[in-house]
Amino acid sequence: MAKDFPTREENYAQWYNDLVIKADLAENSAVRGCMVIKPHGYAIWEKIQGQLDKMFKATGHQNAYFPLFIPKSFFSKEAAHVEGFAKECAVVTHYRLKSSEDGKGVVVDEDAKLEEELIIRPTSETIIWDTYRNWIQSYRDLPLLINQWANVVRWEMRTRLFLRTAEFLWQEGHTAHETKEEAVEETLKILDIYAEFAEKWMALPVHKGLKSANEKFAGAVDTYCIEALMQDGKALQAGTSHFLGQNFARAFDVKFLSKENKLEYVWATSWGVSTRLMGALIMAHSDDHGLVLPPKLAPIHVAIVPIYKNSDQLAAISEKANEIKKALEAKGITVKYDDRTTFKPGWKFSEYEFKGIPVRLAIGPRDLENGTVEVARRDTLEKETYQITDIENKILHLLDHIQDNLYRKALAFREENTFGVDTWEGFKAQIEKGGFVLAHWDGTTETELKIKEETKATIRAIPLSGKMEAGKCIFSGQPSEQRVIFAKAY
RNA sequence: CGGGAUGUAGCGCAGCCCGGUAGCGCGCUUCGUUCGGGACGAAGAGGCCGCGAGUUCGAAUCUCGCCAUCCCGACCA
């Protein structure tokens with residue numbers, strides 16, 4: 001596998017595509033724009049899901065499930081929302097097929113036309129708020145903190161595995177609150193969870209920020225985001241959290257009786273991360289030898305490869321390897337002992353390397369004599385010989401170290417590729433080269449769009465942690481209070 | 001939806017100009033030797049040449065139509 005694999009330098013886009021395929025993460029399916037997520041890729045997604053799900057539940061959220069189909073009429077109730085999604089909706093119009101006239105196939109049965117067409121959810125705000133109307137009567141029913149893990153469909157023109165597919169997997173949280181303050185607090189709480197997850201689990205440094213009016217979610221009052229920088233200098237929106245105000249409550253007539261016995265509209269949030277995180281994970285750490293996974297999201301932490309000349313040797317090595325495996329597993333480390341006789345050691349080394357397994361152990365006859373094991377780390381590709389004594393704690397420490405190293409590398413990369421720019425010429429030049437560009441902006445959509453038109457760069461985030469600093473808009477020269485993050489984006 | 005390209009074995013491709021027995025590499029199967037970084041040898045299996053019409057004694061190859069996919073743009077988590 002992966003002998004003819006391009007380097008990032010040669011062709012970044014090709015490198016990404018080949019990596020996803022050759023690391024067995026996903027492949028294109030028979031359905032245009034839709035991917036098959038393969039076991040190795042799905043195992044990583046399950047790790048992502050598992051951790052996020054814990055974090056949501058720890059903050060009081062519960063999972064539920066709403067339908068895939070949304071009646072078309074629901075969609076038109078929130079004007080900005082329709083506007084934003086109308087162009088990419090798949091629509092179900094019929095509910096039956098019949099044999100074709102020539103008997104060779106099936107055709108849509110025109111007699112089975114739906115009275116009301118169904119939209120395949122591009123997101124679930126409408127069906128959920130229509131449901132919440134019945135769930136919420138009093139302040140005692142609030143807050144309502146619900147999440148769902150689901151698939152959604154957005155009919156994209158151009159797709160790329162994980163980064164943009166017509167169907168993707170995600171979680172969408174939908175909450176209802178008594179007050180504006182509480183809803184805003186929820187929006188930011190989730191943003192913090194996303195940022196913490198990105199940094200601690202994905203080893204991916206992110207900027208927390210606010211989206212400009214132009215970039216915000218269709219139907220939101222404010223959209224917050226976490227924004228990451230990929231190795232090719234392009235930005236990737238890794239998660240969004242929306243303060244929806246009372247927009248959906250008004251559209252779907254969701255009111256509650258307050259403690260003061262007044263009928264009021266509830267305040268809402270919604271928030272999501274998707275399988276796009278897989279794309280972020282891949283592009284953040286991987287190298288010209290293949291995928292690199294942070295230990296906290298690696299389905300397998302350690303692969304053990306035996307090296308032997310005959311079956312007696314294999315038996316002796318297996319005994320030792322299984323001992324090590326047990327000791328590691330007792331510490332919560334996931335281990336695969338690969339004693340397949342159908343592949344050679346060199347082949348296995350390459351495979352685990354390409355698939356991003358953080359640590360590889362090799363045990364041969366020499367190690368057996370010396371009480372040692374060869375330890376190879378995926379992040380640095382370094383090999384070292386360890387005494388087997390206390391191996392479990394040594395590996396545990398190594399895994400922590402790898403996790404930390406990946407984060408620090410990604411952070412250093414981001415810092416090296418973040419530039420403050422104060423002139424229009426300098427701005428254009430830097431955007432061309434890539435990276436995050438911190439520049440002043442006059443706050444108008446008009447200016448943002450003109451900048452996009454001329455440079456293809458968009459405002460990725462108005463940073464929450466950004467220092468206030470008076471300046472002049474890079475494009476219009478109008479006064480500005482704060483630098484915002486510009487970049488070309490995925 | 002505009003511009004460009006491509007459909008031949010599981011994958012990657014050659015053959016097409018100039019019509020005449022469908023080929024190469026990888027992968028796959030079996031056997032043997034190997035095994036501390038992608039082993040080697042030998043023997044095999046595998047095809048409606050995208051689909052449909054036409055021209056021709058004869059079409060992967062020429063003509064027309066259709067379909068599909070990929071790349072580049074506009075739209076997007």
Side-chain angles (χ1 to χ4, degrees), chain A residues 1-5 11 13-14 17-18 21-22 27-33 83-89 104 122-123 151-172 194 211 214-218 220 223-228 235-242 270-280 289-290 305-311 313-314 317 338-355 360-370 372-376 381 383 385 452-453 456 458 460 489-490:
Chain A
M1 73 192 287
K3 278 176 193 158
D4 47 355
F5 180 56
N11 188 341
Q14 192 67 43
N17 291 339
D18 285 12
I21 302 288
K22 289 177 176 160
E27 62 187 33
N28 283 306
S29 70
V31 185
R32 181 198 158 81
E83 168 93 15
F85 285 104
K87 281 174 288 182
E88 49 190 43
C89 286
K104 283 183 187 158
T123 179
N151 59 340
V152 287
V153 168
R154 297 181 189 174
W155 213 262
E156 299 290 351
M157 293 296 168
R158 291 193 58 200
T159 59
R160 285 186 76 189
L161 293 169
F162 290 119
L163 296 173
R164 176 166 300 107
T165 46
E167 180 194 17
F168 55 93
L169 305 184
W170 77 345
Q171 58 71 216
E172 46 179 327
Y194 286 163
K211 283 292 183 191
N214 184 51
E215 294 275 327
K216 77 178 183 189
F217 175 73
T223 289
Y224 295 87
C225 61
I226 52 170
E227 204 74 24
L236 185 113
Q237 178 176 306
T240 49
S241 183
H242 315 289
S270 71
W271 27 275
V273 296
S274 70
T275 34
R276 178 179 246 202
L277 285 181
M278 295 285 296
H289 300 268
V305 178
I307 292 151
Y308 56 91
K309 288 201 199 309
N310 54 54
S311 56
Q313 269 185 4
L314 177 59
I317 290 164
D338 188 352
D339 60 353
R340 287 176 296 177
T341 54
T342 46
F343 294 94
K344 295 184 54 186
W347 194 94
K348 293 176 186 174
F349 290 175
S350 300
E351 186 186 32
Y352 292 119
E353 190 167 291
F354 207 87
K355 289 188 170 179
R360 185 192 72 230
L361 305 184
I363 311 178
R366 287 209 301 271
D367 294 302
L368 228 44
E369 279 177 34
N370 303 333
T372 56
V373 62
E374 183 191 82
V375 179
L381 296 170
K383 287 196 283 198
T385 301
K452 184 178 178 184
E453 203 173 302
K456 290 183 180 162
T458 48
R460 303 317 306 154
Y490 274 95

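The sequence lines fix the lettering, A, B, ..., with proteins before strands; numbering per chain opens at 1.
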Whole angstrom value for the distance that separates [atom2] of [N] from [atom1] of [X]:
{"X": "A:Glu351", "N": "B:rG27", "atom1": "CD", "atom2": "P", "value": "14 Å"}
{"X": "A:Lys22", "N": "B:rC26", "atom1": "NZ", "atom2": "C1'", "value": "11 Å"}
{"X": "A:Gln171", "N": "B:rA77", "atom1": "CD", "atom2": "C1'", "value": "12 Å"}
{"X": "A:Arg160", "N": "B:rG73", "atom1": "CZ", "atom2": "C1'", "value": "15 Å"}
{"X": "A:Glu369", "N": "B:rG36", "atom1": "CD", "atom2": "P", "value": "17 Å"}
{"X": "A:Asp18", "N": "B:rC71", "atom1": "CG", "atom2": "P", "value": "12 Å"}
{"X": "A:Trp347", "N": "B:rG27", "atom1": "CH2", "atom2": "P", "value": "11 Å"}
{"X": "A:Asn28", "N": "B:rC70", "atom1": "CG", "atom2": "P", "value": "6 Å"}

Quantified in whole Å, what is the [atom1] atom distance between nucleotide [N] and nucleotide [M]?
{"N": "B:rG2", "M": "B:rA60", "atom1": "C1'", "result": "32 Å"}
{"N": "B:rG38", "M": "B:rA74", "atom1": "P", "result": "45 Å"}
{"N": "B:rA14", "M": "B:rC49", "atom1": "C1'", "result": "13 Å"}
{"N": "B:rC26", "M": "B:rA22", "atom1": "P", "result": "23 Å"}
{"N": "B:rG15", "M": "B:rG7", "atom1": "C1'", "result": "15 Å"}
{"N": "B:rG20", "M": "B:rC16", "atom1": "P", "result": "9 Å"}
{"N": "B:rG32", "M": "B:rG36", "atom1": "C1'", "result": "23 Å"}
{"N": "B:rC13", "M": "B:rC70", "atom1": "C1'", "result": "16 Å"}

Tell me which nucleotide, if any, is Watson-Crick or G-U wobble paired with [N] when both distances must be under 3.5 Å.
{"N": "B:rC11", "answer": "B:rG25"}
{"N": "B:rA42", "answer": "B:rU30"}
{"N": "B:rA68", "answer": "B:rU6"}
{"N": "B:rA74", "answer": "none"}
{"N": "B:rG19", "answer": "none"}
{"N": "B:rG36", "answer": "none"}

> More 5' along RNA chain B: A:Lys452 or A:Val31, using each one's nearest nucleotide?
Replying inline: A:Val31
> Of A:Arg154 and A:Ala13, whose nearest nucleotide on RNA chain B comes first from the 5' end?
Replying inline: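 Its nearest nucleotide being more 5', the pick is A:Ala13.
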> For the residue pair A:Glu156 and A:Thr165, what are the closest heavy atoms and their distance?
Replying inline: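 Heavy-atom minimum between the residues: CG-O, 4.2 Å.
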>> Under the side-chain contact (heavy atoms from CB on, under 4.5 Å) test against A:Thr275, which residue among A:Leu169, A:Leu163, A:Leu161 passes?
In response: A:Leu169
From [options], pick the nucleotide closest to the side chain of [X]?
{"X": "A:Ser274", "options": "B:rA77, B:rG36, B:rC75", "answer": "B:rA77"}
{"X": "A:Glu374", "options": "B:rC1, B:rG36, B:rG37", "answer": "B:rG36"}
{"X": "A:Arg276", "options": "B:rG37, B:rG36, B:rA77", "answer": "B:rA77"}

> Got a salt bridge between A:Glu215 and A:Arg460, using NZ or NE/NH1/NH2 to carboxylate O under 4.0 Å?
Replying inline: yes
> Are the charged groups of A:Glu351 and A:Arg340 less than 4.0 angstrom apart, N to O?
Replying inline: yes
> Can you tell me how far the OH atom of A:Tyr308 sits from the CG atom of A:Leu368, to the nearest 0.5 Å?
Replying inline: 14.5 Å
>> Return the CG to CG distance between A:Leu361 and A:Asp338, rounded to the nearest 0.5 Å.
In response: 12.0 Å
>> With a 6.0 Å cut-off on the ring centroids, do A:Phe168 and A:Phe162 count as close?
In response: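 They do not qualify: ring centres at least 6.0 Å apart.
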By the 4.0 Å heavy-atom rule, please label [X] as base, sugar-phosphate, or nothing.
{"X": "A:Leu163", "answer": "base"}
{"X": "A:Thr165", "answer": "base"}
{"X": "A:Arg360", "answer": "base"}
{"X": "A:Glu156", "answer": "base"}
{"X": "A:Lys211", "answer": "nothing"}
{"X": "A:Arg32", "answer": "sugar-phosphate"}

> Got A:Pro306 and A:Ile363 here, is their nearest side-chain heavy-atom distance under 4.5 Å?
Replying inline: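 Answer no - side chains too far apart.
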Atom pairs, N/O to N/O, protein against nucleotides 29-35 of chain B, distance under 3.5 Å?
residue : atom : partner  : partner atom : Å
B:rC35  : O2'  : A:Tyr308 : O            : 3.0
B:rC35  : N4   : A:Lys309 : O            : 3.4

> For atom CD of A:Glu83, is the number of surrounding heavy atoms from other residues, nucleotides or ligands below 6.0 Å larger than 12?
Replying inline: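 12 or below, so no.
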> Should the ring pair A:His242 and A:Phe217 be called parallel, tilted or perpendicular, given that the plane angle runs from 0 to 90° and is split at 30 and 60?
Replying inline: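 Plane angle under 30°, so parallel.
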> Does the B:rG37 base have a donor-acceptor partner in the side chain of A:Glu353 within less than 3.5 Å?
Replying inline: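 Under the 3.5 Å cut-off, the side chain and the base do form a donor-acceptor pair.
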> Can you find a donor-acceptor pair, distance only, under 3.5 Å between A:Lys383 side chain and B:rG36 base?
Replying inline: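 Side chain to base: no pair present.
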